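What follows is one structure encoded as C-alpha cells, with my remarks underneath.
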Amino acid sequence: MKKLVIVGAGSMAEALISGMIESRLITGSNIWVTNKCSREKLQSMQKAYGVQATYNHSELFRGAETVILAMKPKDAADAITLIKPYLQEDMLIISVLAGVSIESIELLAEKKLPVVRAMPNTSAAVGKSASALSANERVTKEQMEAVRGIFDTVGKSAFVEERQLDAVTGLSGSGPAYIYYLAEAMEKSAEEIGLEKEMAKEFIIQTLIGAAEMLARSAKDPQQLRKEVTSPGGTTEAGVKVLEANGVQRAFIECIKEATAQSRRLGQSFSSTVKI
Ligand SMILES: NC(=O)C1=CN([C@@H]2O[C@H](COP(=O)(O)OP(=O)(O)OC[C@H]3O[C@@H](n4cnc5c(N)ncnc54)[C@H](OP(=O)(O)O)[C@@H]3O)[C@@H](O)[C@H]2O)C=CC1
Ligand SMILES: O=C(O)[C@@H]1CCC=N1
C-alpha cells in the first residue's frame, strides 16, 4: 500500500497501525500520523512503529492515497474543516467515527469524496477486529478491495448498510469493553474467593479464550454450550441463578441498546451542526 494518512493518533489509530504493520500490509514508513497537539504521543508512535508524524498538512497529505479519520466525533467538525483544502477527490477517505454519516463528512469537506465508513474495534491490534464497512457510490472497486485489505488483515470485515452501523457500534465496536468489564468482575471475585491475583488472571484469560473458541468452532448456540457446563444441582446452576436474580442478561441487552442509541444520538447531533 502507498501512503496512508491517519488523522487522530489515539486508541483506534494505534490498534489499526499495530495490526497493519504486524500483518505486513504496510510498512511504518508509509504511514503518516497527526493529532491535535500531543507531541509526545506522536513521538512514542514513531518510536514504537516507525511511522512518520507531522503537523505540517502539506507534507502530511502530499501523495496520500488513503486517509483514515480517527478523531473523536466531537472533534471531527474542526478536524475536517482544517484538513479540507488538502483532501483530493481521488483520495479514499475511511472514517472510523462512531455515528458520523458519510453525508456529514462530504458536507464538511465541501467536496464529493469516495468515503467508506468503518466500525472496527480495538482488537485490530491483535488481528481480531470485527469490522463493519459501508461505502458511498464514489468508492471504486479497487478502493473497495483496498479497504477490505486493511480490515481483513486486522480481523474480519463485512459490508453492511450505512443505517446498520449504529447497531454494529453498540454491539461489536464497543463490544470488547463489555468483555473487559466481565474480566474485571472475574478478577475482583478471585480475591474474595481466596485466589492469588496473578494465578487467577491466567485462568480467567484462558477461560475467555476457550469460550470464544468454542463459540467460533462449535455448531452449538451459546445457550446450548452454557447448558453443557451446567450440571443439575451443581456449581454453575447455583452461580447462574444469582445472575438471573440480578437481571444480568437483561442489563447486557439494555447496555447494547443504549450504546446503539448513543451512536444514533451522536450522529444526529453531528448532522444537525453540520447542516446549520
Ligand atoms: N476506541 C475504540 O474502541 C473505537 C473507536 N472508534 C472511533 O474511533 C475514533 C477515535 O477513537 P479513540 O481512538 O478511542 O479516541 P482517542 O481519544 O484515543 O484519540 C483521539 C485522537 O484524535 C486526535 N484529535 C483530536 N482533534 C484532532 C484534530 N483537530 N486533528 C487531528 N487529530 C485530532 C487526538 O489528538 P490529541 O491527543 O492531540 O488531542 C487523539 O490523537 C472515534 O471517532 C471513535 O468513535 C471506533 C471503533 C472503536
Ligand atoms: O465509545 C465509543 O464511542 C467508541 C465507539 C465504539 C467504541 N468506542
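Counting starts at 1 for both ligands and their atoms, in listed order. Keep in mind that this is a model prediction, so the values were computed, not measured. The figures here come from the full heavy-atom set of this structure, side chains too, leaving out hydrogens, waters and symmetry mates.
- Using a cut-off of 4.0 Å between Lys/Arg side-chain N and Asp/Glu carboxylate O, K47 and E40 are scored as not salt-bridged.
- Side-chain atoms of R148 and E145, non-hydrogen and from C-beta on, never get closer than 4.5 Å to each other.
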(message) I'd like to know whether T230 forms a side-chain hydrogen bond (donor to acceptor under 3.5 Å, both in side chains) with E237, so could you lay out the CA-CA distance, the side-chain angles of the two residues, the decisive distance to 0.1 Å, and finally the verdict.
(response) CA-CA 6 Å; T230 311; E237 187 179 89; over 6 Å; no

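- Of all the atoms in ligand 2, the ones that sit under 4.0 Å from a non-hydrogen atom of S174 are 6 (C), 7 (C).
- A salt bridge links E228 with K220: the distance from a Lys NZ or Arg NE/NH1/NH2 to an Asp or Glu carboxylate oxygen falls below 4.0 Å.
- Contact annotation: the side chain of L87 approaches that of I93 to within less than 4.5 Å [non-hydrogen atoms, C-beta and beyond].
- Within the 4.0 angstrom cut-off, atom 4 (C) of ligand 2 has no protein heavy-atom neighbours.
- Within 4.0 Å of atom 7 (C) of ligand 2, at least one protein heavy atom is present.
- Residue G173 has at least one heavy-atom neighbour below 4.0 Å for each of these atoms of ligand 2: 6 (C), 7 (C).
- With respect to the salt-bridge test (charged N to carboxylate O, under 4.0 angstrom), the residues E162 and R117 qualify.
- The side chain to side chain donor-acceptor pair (under 3.5 Å) pairs that include a residue from residues 189-217 are E213-R217, where partners are two or more places apart or lie in different chains.
- Closer than 4.0 angstrom to ligand 1 lie heavy atoms from V7, G8, A9, G10, S11, M12, N35, K36, C37, S38, A70, M71, K72, P73, D75, A79, V96, L97, A98, M119, P120, T122.
- Salt bridge annotation for E106-K112: absent, with no cationic side-chain nitrogen under 4.0 angstrom from a carboxylate oxygen.
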